[in-house]
Novice: 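Sending over a structure as C-alpha cells; questions will come in a sec.
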Amino acid sequence: MRRRVFLVDDHVLFRAGVRGELSTVAEIVGEAGSVAEAVPQIKELDPEVVLLDVHLPDGGGEAVIAGVAQERPGVKFLALSVSDAAEDVISVIRAGARGYVTKTISTEELARGYRYKEIAARLHLSIKTVEAHVSSVLRKLQLSSRHELTRWAAERRLI
C-alpha cells in the first residue's frame with residue numbers, strides 16, 4: 001500500500017529529487033517550501049506522513065508540527081535535514097517528529113522507514129548506527145559520556 005506523503009523543504013531541487021525517488025513507493029500528495037505554505041496544505045490534504053526540513057525561511061519543522069498536530073493528530077512527521085546538530089534533533093523530536101534522519105540517507109532506507117511498523121515514519125536503526133550517532137554528538141559537544149549528554153540536555157530543558 002502506497003502511503004500518502006507531503007514534502008516540506010525550501011530547496012525546490014531537493015524536493016524534486018525526493019519526489020522522483022519516492023514516487024514509485026509513495027503517493028506524493030503535495031509539497032511546500034515554507035511553514036506558511038505547508039501548514040494549510042497539510043491540514044487540507046491530510047497525508048499520512050510529512051517529510052520536513054528542520055530549517056525553513058519562516059520557521060522550521062517545529063513550527064510546521066505545531067501548526068498541524070492539534071487538528072491532524074494522525075499525521076506522522078519525519079525530519080529530513082542536512083543538520084545533525086544535537087539541538088536540531090532534540091528540538092524537532094520534542095515538537096512531535098517520530099524520527100530524524102540526515103539527507104545522506106538512501107532512498108531505500110527512507111522508503112523502508114515510513115512504510116513499515118505501527119508508526120509510519122520511524123526508521124529502524126541498528127545499535128551500531130545509534131552508537132555512531134551518539135559518538136558524533138558527544139564529539140561535537142565535546143562531552144565524554146552519555147551521562148554528560150543527558151545533563152547537558154536537561155540544563156537546556158531539551159528533555
Novice: What distance do Phe77 atom CZ and Phe6 atom CZ have between them, rounded to the nearest 0.5 Å?
Specialist: 10.5 Å

Novice: From Tyr100 OH over to Leu80 CG, what is the distance, rounded to the nearest 0.5 angstrom?
Specialist: 9.0 Å

Novice: If a pair satisfies side-chain hydrogen bond (donor to acceptor under 3.5 Å, both in side chains) and one of its residues is in residues 13-24, list it, with sequence neighbours excluded.
Specialist: Arg15-Glu31, Arg19-Glu31, Glu21-Thr107

Novice: Could you pull out all residues at least two apart from Glu148 that satisfy side-chain contact (heavy atoms from CB on, under 4.5 Å)?
Specialist: Leu143, Ser144, Ser145, Arg151

Novice: Any chance you could measure Ile65, atom CD1, to Leu52, atom CG, to the nearest 0.5 Å?
Specialist: 5.5 Å

Novice: Could you go through residues 38-47 and list every donor-acceptor pair under 3.5 Å that involves a side-chain atom there, pairing it with any protein atom two or more places apart or in another chain?
Specialist:
| unit_1 | atom_1 | unit_2 | atom_2 | d |
| --- | --- | --- | --- | --- |
| Gln41 | NE2 | Glu37 | O | 3.2 |
| Lys43 | NZ | Gly67 | O | 3.2 |
| Lys43 | NZ | Glu71 | OE2 | 3.0 |

Novice: Can you sort out the partners of Arg2 under salt bridge (Lys or Arg N to Asp or Glu O under 4.0 Å), two or more places apart, ordered by chain and number?
Specialist: none

Novice: Which residues pass the side-chain contact (heavy atoms from CB on, under 4.5 Å) test with Leu56, sequence neighbours left out?
Specialist: Val8, Asp10, Val35, Asp53, Asp58, Val64

Novice: Do you know the tightest heavy-atom contact between Val5 and Ala26?
Specialist: CG2-CB, 3.8 Å

Novice: How long is the straight-line distance from CD of Glu48 back to CZ of Arg72, given to the nearest 0.5 Å?
Specialist: 13.5 Å

Novice: Specify the closest pair of heavy atoms between Ala79 and Ala97, including all atoms of both residues, with the distance to one decimal.
Specialist: N-CB, 4.5 Å

Novice: Nearest 0.5 angstrom please: His55 NE2 to His11 NE2, how far?
Specialist: 11.0 Å

Novice: Arg4 and side chain to side chain contact (heavy atoms under 4.5 Å, CB included): which single residue from Val75, Val50, Val29, Ile28 fits?
Specialist: Val29

